[in-house]
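Just the heavy atoms: all of them, side chains too, but no hydrogens, waters or symmetry mates, feed the values below. A note on names: the letters A, B, ... follow the listed sequences, proteins ahead of strands, and every chain is numbered from 1.
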Amino acid sequence: MPDLATPLIAWYRENARDLPWRRPGFGAWGVLVSEFMLQQTPVNRVIPHLEAWLERWPTPTALAMDAPADAVRQWANLGYPRRALWLHRAAVEIRDRHRGVVPDDVDALLALTGIGDYTARAVAVFAYGSRHPVVDTNTRRVLARALDGRSQPGPPSKRDLAAMESILPAEVAASTIVNAAAMELGATVCVARSPHCEICPVADRCAWRAAGYPDTGDDRRKQAKYEGSDRQARGAVLKVLRGAAAHAVPLDDVIPDWPDALQRDRAIDSLIADGLAEASGGELRLPR
DNA sequence: CACCCGTGGGT
DNA sequence: TACCCAAGGGT
């Protein structure tokens with residue numbers, strides 16, 4: 001097993017980006033909100049929204065006191081608006097189960113709505129300094145290349161945690177840096193396409209490089225086409241509900257010119273089923 | 001486990 | 001232009 005930790009720590013010290021959630025004293029709530037926003041949304045789009053969010057809701061309890069509709073509106077165009085709903089639910093759960101304090105325990109975090117394997121460990125490690133393996137898509141790619149000699153990682157699995165654990169230093173502070181450094185390397189150097197191996201701190205011990213950069217193929221499933229999809233229809237409906245001062249919109253005024261009326265109705269029904277919309281009196285609105 | 005869920009920038 | 005990709009999670 002090559003020592004990745006030592007070069008990763010040295011590299012991270014010099015090259016880590018200055019991101020808001022890495023500032024000392026940023027707080028567990030801020031870290032948690034950032035992790036929700038970063039679930040499938042790029043860093044650069046998250047930063048302004050994160051700052052506005054925390055200014056409006058500096059604590060979980062503050063968010064819990066407002067309506068889910070406010071969270072969905074504030075989420076704006078970050079995408080996957082269920083995350084806004086789930087973040088609101090998590091805030092309510094934190095208020096009710098944890099006296100308004102973001103828990104530091106992985107199992108307690110996992111029990112919160114919208115928090116899975118990655119986010120629970122990210123909060124425990126980056127907000128509280130615990131020692132756990134944190135594995136996101138960047139880390140999986142770095143480990144697949146450096147350890148397994150593959151160009152892309154396979155599907156996510158529990159083995160990913162064991163792989164990360166295998167390169168994690170025993171000492172707590174160092175382990176936190178290695179977790180962050182693996183993610184950072186994957187995000188900025190060991191990127192999916194055209195990686196910058198010439199500046200990579202672990203190039204001299206990378207199994208993929210040593211093997212001559214074989215293309216092992218990408219067994220991830222391709223993203224479904226967005227144009228013409230149900231997701232696009234849902235997005236259009238939610239954009240209307242979020243929009244302007246309209247708190248409730250007559251059903252007949254919700255994307256009336258959508259090309260596929262069946263798809264439009266399906267989108268509305270699924271949004272209601274997800275709790276992202278409510279129908280009453282022939283009107284549609286965000287959840288109160 | 002496969003599939004679903006938004007949105008926008010890069011190539 | 002199309003396609004790729006993004007600090008995932010729930011069902």
(message) Expressed as a whole number of angstroms, how long is the span from A/Glu227:CD to C/dC4:P?
(response) 16 Å

(request) Using the C1' atom on both, measure B/dT7 against C/dT11 and round to a whole Å. (result) 23 Å

(request) Quote, to the nearest angstrom, the P distance that separates B/dC3 from C/dA7. (result) 24 Å

(message) On DNA chain C, compare the nucleotides closest to A/Trp86 and A/Trp21; which residue's is nearer the 5' end?
(response) A/Trp21

(message) Return a single string for nucleotides 4-11 of chain B, one symbol per nucleotide in 5' to 3' order, where B is base contact, S is sugar-phosphate-only contact and - is none, cutoff 4.0 angstrom on heavy atoms.
(response) BBBBS---

(request) With sequence neighbours left out, write down each residue that passes side-chain hydrogen bond (donor to acceptor under 3.5 Å, both in side chains) with A/Thr188, or none if nothing qualifies. (result) none

(request) Please report, rounded to the nearest Å, how far the P atom of C/dA7 is from the CG atom of A/Asp160. (result) 16 Å

(message) From CG of A/Asn44 over to C1' of C/dA6, roughly how many Å is that when rounded to an integer?
(response) 11 Å

(message) Run the salt bridge (charged side-chain N to carboxylate O under 4.0 Å, His left out) test on A/Asp260 and A/Arg266 for me, step by step, so that the C-alpha distance in whole Å, both residues' side-chain angles and the decisive distance to 0.1 Å come before the verdict.
(response) CA-CA 10 Å; A/Asp260 182 344; A/Arg266 193 161 63 239; 5.0 Å; no

(request) Please state how far atom CG in A/Leu112 lies from atom C1' in C/dG9, giving the value in whole angstrom units. (result) 13 Å

(request) Please report, rounded to the nearest Å, how far the P atom of C/dA7 is from the CG atom of A/Asp117. (result) 18 Å

(request) Rounded off to whole Å, could you give me the NZ-to-P distance for the A/Lys158 and B/dC1 pair? (result) 11 Å

(message) Over all strands shown, is A/Thr119 touching base, sugar-phosphate only, or nothing at heavy-atom distances under 4.0 angstrom?
(response) sugar-phosphate

(message) Pairing check on C/dG10: which nucleotide meets the Watson-Crick or G-U wobble criteria with it, both distances under 3.5 Å?
(response) B/dC3

(message) Aromatic contact between A/Phe126 and A/Trp21, with the criterion being ring centroids under 6.0 Å apart: yes or no?
(response) no

(message) Distance check needed: C/dA6 C1' versus A/Asp136 CG, whole Å only.
(response) 10 Å

(request) Calculate the interatomic distance between A/Lys225 atom NZ and B/dC3 atom C1'; express it in whole Å. (result) 18 Å

